Amino acid sequence: MNEMNEMNLTNQKPSLNGRRPLPRIDSNHSGNDDQSGPHGKGLIEFHEETAEFFLHSGLATYGLQVLEHGHLSHLYWGASLASQDLRGTLVPRGRAFSPNPIPGDSNFSLDSTPLEYPAYGNSDFRSPAIEIFSPETGSRILDLRYAGHRMVKGKPRLENLPATCAESPSEAETLIVMLRDASLKVVVELSYTAFAHHPVITRSARIVNESGASLALARALSCSLDFSSHFSSFHFTHLHGSWAREMHAATSPLHPGTQSIESRRGASSHAHNPFFALTELNAHEEYGAAYGFGLVYSGNFLASVELDPYGTARAQIGLNPFDFSWTLEPGESFQTPEAVLVFSNEGLGGMSRAFHRFYRQHLIPKTWSDRPRPIALNIWEATYYDFDSKKVEEIATSAAGLGVELLIVDDGWFGRRDDETTSLGDWVAHERKLPNGLVDLANRVRNQGLEFGLWFEPEMVCVDSDLYRAHPDWCLHVPTHPRTEGRTQLILDLSRPEVCEEIYRRISGVLQSAPISYVKWDMNRSMTEIGSAGRLPARQQETAHRYILGLYGLLERFREEFPAILFEGCSGGGGRFDPGILHYMPQIWASDNSDAIARLRIQYGASLAYPLSAISAHVSIVPNHQVGRITSLSTRAHVAFTGAFGYELDASKLSSEEQDEVRGQIRLYKQLRNLLTSGDLYRLRSPFQGNEAAWIVVSADQTEALATHVTILAEANPRPLRLRLRGLNADCTYRINEETTPLRGDFLMQIGLPVPEPSGDFISHQWLLQRV
Ligand code: DGJ
């Protein structure tokens, strides 16, 4: 912190009662002259008299306040509120066993104050956002008080981390509040960005060691906020699962104590997604308050909600403190990942649509925002490791005849890779399968008029590889213990710059050597023995996070050097399906489970937090390879349409009827892909709640929509079904498929479409609506 800030700190204490003006540390302020907020003010308002800040973002308002002694308190987050003095909402009240850190004020305890970035040690017993240990003094106590603030137009970048961005300064404003512990000389800079056109606040923290001694950071979450007691009847929704069963939505009421989800696997994981939502007790898919939290991070995370004895719900998300510690030398700083906070008064559906629009416009690579993806055919389920250039050419020829645009050669094209036991790390063409090399393979595909895509697993190494033989210490390991293999592979130590450099050299060499338009970036195991030969013993607990920073550094380089390549994320399907990856890659293979019925749940769950265009979904053959189920080709396509669409089969083995059907699907998808990439999703029936799933995607101008309904199991003597649509213009008339009589939007939304009685299991229907 500069001298001026020090002066502000020591000379001007913020005062609530005394009305002493707060110092504005940086005059580089935004907003209030720009009449862009919903109430004719800027996006961020600061009321000096009451020391209150209001961030107006889309249709939401977020309020915070500096209390009399400099504690930063949470005031409000919810539907847009004309700013006013909200002090009355904070009523300090003494509680037995809640100690009083301000001498003489027995009504004040941090234990019963809603806080924005709580620390441990001076009266708050709930979960802290930050913990710091001073090896010099033994202190674990942090007393964070306001030390100034500044406001800037736009949104500063986060150092070495992916984050949402604002292209122009008019899109967003950022408030940075400085908190300081005067004894430990630690500064925490809390960043809050309000977006003009989205009900979104992003938050992150930067921790600076201004002392002359090293400090150990044991916890540094991205966001913490305390909902006051009337929220105690909230429900907690999150996404959980496993390999091939990702992102299953689960909802439960908050109960006293802590509900949490986390990953300790080194990646965000199949088990829990770095996302959760809180919804009002009576909220529904389409109405009521919903609060969504996402984390722009791909490694170990923690998300929790703690309901305290007085009904306050503390919601937190950030880096997992488990097995984490970070040494901050004098003058060094630590930047946390970014949390994305979304508010909607239109239930989980409104929250999801806000996440979708926001991530498409402010997170994924700009070139892909609303750009339809090529229709892909991936050969993995068609051939597994058993292919050669002739076989690929044969599949490409039939795929081209069907209208496919991109052919992806998956695992097995390199080294001596005939199964999963060998060669990861050796990114040179497999001599037997591809005797004329990669360029020949790419040309065989491109000569059919298709783009050529290739699979990599850049972060991994097999013990049986030239790379491992040359650099056995380049994998994550601890010298005292054996190296646990997963899928017969070890993980390269991306926390070491020289390892990242070599990965970059090898993979970029391949990308430069052949006409490759698409890369599938896979990652197929969880981390064990997370240690690095490049780091001192005392700093080993930095390894997991440094690995993710190394990964991001690599992805940034690839994104910059190869802007024309479409990168798709994958981690055995959805093992790293998170906003951190989406910052570099606009789509992610959602699951290795390609069965249409299993995908209903996986894609429904994913759609809670992620745009459809990010959810890669393919039609595969039946019986399905993961579950053995037989579904019709049309059901498989109806389900896969709701994502980045493609096929995962040997097109040359389809019967001529199947080929005709696939041709029709592809023609239709090409006609609809703008709608499906950038339209608004309304979920109509949840596969988690019954025997059906249904959804509709509506174009932003409400002129076009595609509604889909799937009945899972047939029932004898069923009740008649009607599907009430949403998102249409009530006053407009829509033509439905080839029907001659158009129907009004209000009719379709209030009365709905009759769903034909299914005869047989797994029957789907799709209706294309076009405004007349
Ligand atoms: C896991 C991926 O999810 C699959 O799609 C496939 O690419 C395999 N890895 C290849 O090993």
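Note that the coordinates shown come from a computational prediction; the quantities given were computed from them, not determined experimentally. Start at 1 and go down the list; that is how both ligands and their atoms are numbered.
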For the 3.5 Å polar cut-off, considering only N or O atoms, please tell me whether [X] and ligand 1 meet it.
X      : result
Gly573 : yes
Trp380 : no
Ser571 : no

The one among Asp522, Asn378, Leu424 that brings a heavy atom closest to atom 9 (N) of ligand 1: Asp522

Closest to atom 3 (O) of ligand 1 among Asn593, Ile408, Asp592 (heavy-atom distance): Asp592

Cationic tip of Arg525 above Trp243 ring, under 6.0 Å, 45° of axis: no

Close approach of Lys520 to ligand 1, heavy atoms, under 4.0 angstrom: yes

Met523 heavy atom under 4.0 Å from ligand 1: no

Salt bridge (Lys or Arg N to Asp or Glu O under 4.0 Å) assessment of Asp323 paired with Arg264: CA-CA 8 Å; Asp323 196 28; Arg264 299 175 177 188; over 6 Å; no

Under-4.0 Å heavy-atom contact with ligand 1, by part of Arg417 that carries it: neither

Salt bridge Arg446-Glu451, side-chain N to carboxylate O under 4.0 Å: yes

Side chains of Gln626 and Glu381, donor plus acceptor under 3.5 Å: yes

Plane angle bin for Phe355 and Phe275 - parallel if under 30°, tilted between 30 and 60°, otherwise perpendicular: perpendicular

Heavy atoms of other groups near Asp386 CG, more than 12 under 6.0 Å: no

Check: Tyr504 main-chain N/O paired with Ser508 side-chain donor or acceptor under 3.5 Å: yes

Protein contact of atom 7 (O) of ligand 1 - nearest heavy atom, named by residue and atom, plus distance: Asp410 OD1, 2.6 Å

Residue and atom name of the nearest protein heavy atom (relative to atom 11 (O) of ligand 1), distance in Å to one decimal: Asp411 OD2, 2.6 Å

